[in-house]
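To keep things clear, I will list the structure first and then write my remarks on it.
For ligands, and for the atoms within them, numbers begin at 1 and follow the listed sequence.
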Amino acid sequence: MTTFYNNHRFLLLTLLLIWVKTIIVTTFTFQLTSNQIVLFLLNTLLFLVIIFGFGLFIKPQFQVKYYFFISLLLSVILYSNVVYYREFTDIITLPMLSMSSNMGDLSTSIFALIAWYDVFYFIDVFVVGFLMMKKRYIPSAKRLTFQHSKGYVLTALVLTVLSLSYVNLLERTNAYNREQIVNTLGVYSFYLYDAFIHTQTNAQPVFSNEDDLSGVLKHLDASRIESNEEMFGIAEDMNVIVVSLESVESFVIGETLNGQEITPFLNELIEDSFYFENFYYQTGQGKTSDAEFLINNSLYPLGRGAVFLTHYDNEFKALPNTLSNYGYHSAVFHANDKTFYNRDIVYPNFGYDSNFSFKDYEISRMNSVGWGLKDIDFVEQSMDYLTELPEPFYSTMITLTNHFPYHLDEEDHFIQPFDSNSRIVNQYFPTVRYTDEAMRILVDELKAEGLYENTILVMYGDHYGIANSHYGELSKFLDKEIDVAEAVKLERVPLIVHIPGLEGKTFDTVSGQVDVMPTLLNLLGIEEDGLTMFGNDLFAEDRDDFAVLRNGTVITDEYIYTNETCLSYETGEEVASDLCQPLIERGAAELYYSDKIIYRDLFRFKEDVYES
Ligand code: GP9
Ligand code: MN
């Protein structure tokens, strides 16, 4: 034992330092529950003992270098996740790495997330690097002999047994809740798990056939709800404009800040439109693109990575494709590089006929902020193209100004920022207000061009704007504590559907982005037969209130199931878990079958109803 210690002080020290660092950093970053802590400590140590243990097989003079390298590598993984978590409350998964080509555009967001004191995250690496120079740490013994390392091997074995005996705990983990998986496996072992899932999902198309599709259809038939007959075809042959409101959440709608409305125009529009106040975003790591995917396919996005990046060449039966069979021209407007999120490949695949992107806009320093062209300029310039489109058209407009970290020039502030300790929360209000103003201009121009009376106008929030890490400060604005149920309700985003000639009405049905496509088809008088959609018409008479989020949370008008707890929707109090059982099963089945379609590319086996 002492010989082992003497020879491998460097290994033990490096291992101990990174273990302690990982625990401290994780405790401050991720939200570990008490029963997860034991597993987290254990599994992290087990991973480290094994990965550092490989060093024992290397020639002594290279061993210290190996330990230093591992220490640096793990520190980079840990730190990247800390930065990512600050805004996304999530961990980076392997398919996300393909997003690094988007790095240039992401830079404004990343710089807002890192701080100079982050060098402290690497303090142990500096110590290890310094000690590595000292000769006395180089092991003098020859390579591994069982005799002198049996204590080490034994430790690894004991840790493995201990960890495995907790397996029953792991089995109860919700496979869609990544935070729980990380909290039990530890950050590093998570990547082994993720790599396993990655290879498994990548292999799926090869092993699938038509029968897989019939299982999906059976599930959908059981949950299918008749669309509203009176609304069928009410907007037949009208144009459709769908606007993605970047990061706009429901909590700003109808609210004021310092006596001024935050969304005066949207509030006005809502009076005259159908408004869904319990509408949830269902996006995953692909954020804006996941929302586009939901709206255009009525399928759920994936739990890992962005569908646009991982399954861009799958066969889809998307809304623009369907509409083209009814004489529609489909166009998409977004003033970012067209390759971002692979949009240049995905849009034609979805059936969009034209794609107006960065190069189609006049963009200068004057009219840009944060991620690019300001929304007002975006709307004004898009109008030139929109008015030229053949009618009827289906057009998607993706706004950008209200994007994290919510930068906006003083001159564009229509309201003052909020006053709290979170710059993000404070700046959010003027940028939302700015996007609201852009929407006023859009509607004014549509009216001026004579398009407003012949167009269904849909506006939806793509995903959250304020991450959980800012809820402490956000609660000051909301003037209430954000408990678990409240946090789930904060995942609501606005959905406004304006149909010319119809009076406005607010609906409280619990719904999600997956429900938009069947709703639109019904309004346009297009039969859903032959389309595989997971959503249901928002106007359906027998609609049951239901939304499942990508992390496995399920919401109905009675209960909320989240993080393995069942809560009353009304009071937010915990209730008997069996009350949530039907929700849990339905939520999991929805995600499971939708994932199956994407992972196995099942629409390959579907006959096109329009082809014959
Ligand atoms: C990128 C824009 C923003 O073009 O749509 O994407 P997000 O970061 O919100 O996913
Ligand atoms: Mn977005």
Would you check the N or O atoms of Tyr341, main chain and side chain alike, for any that come under 3.5 Å of an N or O of ligand 1? yes
If I take atom CG from residue Asn239 and atom OH from residue Tyr328, how far apart are they, to the nearest 0.5 angstrom? 7.0 Å
With the Mn ion (ligand 2) at the apex, how many degrees lie between OE1 of Glu246 and OG1 of Thr288, rounded to 10 degrees? 90°
Here the atoms of ligand 1 under 4.0 Å from any heavy atom belonging to Leu400 are 2 (C)
State whether Phe88 and Lys287 meet the cation-pi test: NZ (Lys) or CZ (Arg) under 6.0 Å from the six-membered ring centroid, and within 45° of the perpendicular axis. no
Looking at His463, the N, O or S atom sitting nearest the Mn ion (ligand 2) is NE2
Is it true that the side chains of Asp194 and Thr93 contain a donor and an acceptor less than 3.5 Å apart? no
Compute whether any side-chain donor of one residue and acceptor of the other, for Asn402 and Thr431, lie under 3.5 angstrom apart. yes
Close-contact set for ligand 1 against Phe340 heavy atoms, below 4.0 Å: 1 (C), 4 (O)
Could you check whether the rings of Tyr599 and His311 sit parallel, tilted or perpendicular, using 30° and 60° as the cut-offs? perpendicular
Check Leu591, Thr201, Val307 against Leu302 for a side-chain contact (heavy atoms from CB on, under 4.5 Å) and give me the one that passes. Val307
Could you check whether Tyr428 and Ser247, counting side-chain N and O atoms only, form a donor-acceptor pair closer than 3.5 Å? no
Select one of side chain, backbone, both or neither to describe which atoms of Arg343 lie under 4.0 Å from any atom of ligand 1, heavy atoms only. side chain
Quick one: pull up NE2 in His463 and OG in Ser289 and give me the separation to the nearest 0.5 Å. 9.0 Å
Please determine, by modelled atom types, if Asn551 and Thr553 share a side-chain donor-acceptor pair under 3.5 angstrom. yes
Among the N, O or S atoms of Asp462, the one nearest the Mn ion (ligand 2): OD2
Side chain, backbone, both or neither: which part of Asn336 has a heavy atom under 4.0 Å from ligand 1? side chain
Side chain, backbone, both or neither: Phe404 near ligand 1, heavy atoms under 4.0 Å: neither
Ring-plane angle category for Phe539 and Phe274, please: parallel below 30°, perpendicular beyond 60°, tilted otherwise. perpendicular
Give the atom numbers and elements of ligand 1 that come within less than 4.0 Å of a heavy atom of His403. 3 (C), 6 (O), 7 (P), 8 (O), 9 (O)
For ligand 1, which atoms have a heavy atom of His463 less than 4.0 angstrom away? 9 (O)
Quick check on contacts: which atoms of ligand 1 are under 4.0 angstrom from a heavy atom of His334? 1 (C), 2 (C), 4 (O), 5 (O)
Which of the ligand 1 atoms, numbered from 1, are nearer than 4.0 Å to a heavy atom of Glu246: 3 (C), 9 (O)
Judging by distance only, is a nitrogen or oxygen of Lys287 under 3.5 angstrom from one on ligand 1? no
Metal proximity, Ser244 vs the Mn ion (ligand 2), N/O/S cut-off 2.8 Å: no
